[in-house]
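Below, all heavy atoms of this structure are taken into account, side chains as well, without hydrogens, waters or symmetry copies.
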Amino acid sequence: MYEEPGILYEIMWVAVPASVLGVLIGLGIFAGVYFAIRSSLKHWANTYKPPVPQEASEIIRERYARGEISRREYEQMKQDLG
């Protein structure tokens, strides 16, 4: 008359909770990675400062100091800049 619980009973009480637990663990890992990336990007955005453009006179002075241009070219460029 009374049958033993079958495979559906085992699936209902073992596999379903295990799969739900697996999904929750997966969501937890995904959320952790998401918030770690988001946090590091926020930190990077707060600390990044774009390079400040140099004045033209500073650039030609540095080029002359490195020997990229001659004194005559340096003087001409300086005169052209005013």
Side-chain angles (χ1 to χ4, degrees):
M1 297 228 192
Y2 180 73
E3 286 185 28
E4 296 261 333
I7 189 77
L8 292 177
Y9 180 82
E10 290 180 21
I11 290 173
M12 186 176 81
W13 291 106
V14 176
V16 171
S19 62
V20 170
L21 182 63
V23 168
L24 292 176
I25 290 172
L27 287 174
I29 291 170
F30 177 78
V33 169
Y34 171 78
F35 285 112
I37 291 172
R38 184 174 159 204
S39 173
S40 65
L41 288 176
K42 269 186 166 180
H43 175 72
W44 180 78
N46 290 339
T47 58
Y48 175 74
K49 295 191 182 2
V52 179
Q54 292 180 311
E55 294 289 324
S57 59
E58 291 176 33
I59 294 171
I60 62 170
R61 189 177 326 114
E62 288 175 6
R63 288 185 64 197
Y64 177 65
R66 287 192 299 258
E68 293 177 6
I69 56 176
S70 67
R71 176 139 182 100
R72 192 183 77 183
E73 290 171 318
Y74 171 72
E75 294 294 334
Q76 181 62 44
M77 289 179 183
K78 204 163 110 178
Q79 183 181 6
D80 290 344
L81 290 174

The reported gap from CE in Met77 to CZ in Arg61 (rounded to nearest 0.5 angstrom) is 14.0 Å

The salt bridge (charged side-chain N to carboxylate O under 4.0 Å, His left out) partners of Glu68 (sequence neighbours excluded) come to Arg63, Arg66

_How about CD on Glu55, more than 12 heavy atoms from neighbouring residues, nucleotides or ligands closer than 6.0 Å, or not?_
no

- request: Consider only side-chain heavy atoms of I, L, V, M, F, W and Y, link residues closer than 4.5 Å, and tell whether Ile29 and Leu21 are in one cluster.
  value: yes

* To do: Report yes or no: do Ile59 and Tyr74 belong to one cluster of Ile/Leu/Val/Met/Phe/Trp/Tyr joined by side chain heavy-atom distances under 4.5 Å?
  => no

Between the CD atom in Glu75 and the CG atom in Asp80, the distance rounded to the nearest 0.5 Å is 11.0 Å

Does the pair Gln76 and Glu73 meet the rule for a side-chain contact (heavy atoms from CB on, under 4.5 Å), with working shown?
CA-CA 5 Å; Gln76 181 62 44; Glu73 290 171 318; 5.6 Å; no

Applying side-chain hydrogen bond (donor to acceptor under 3.5 Å, both in side chains) to Ser40 and not counting sequence neighbours gives none

Connected to Phe30, directly or through other members, by ILVMFWY side-chain contacts below 4.5 Å are none

When every non-hydrogen atom of Ile60 is compared with those of Ile69, the smallest separation belongs to O-CD1, 3.8 Å

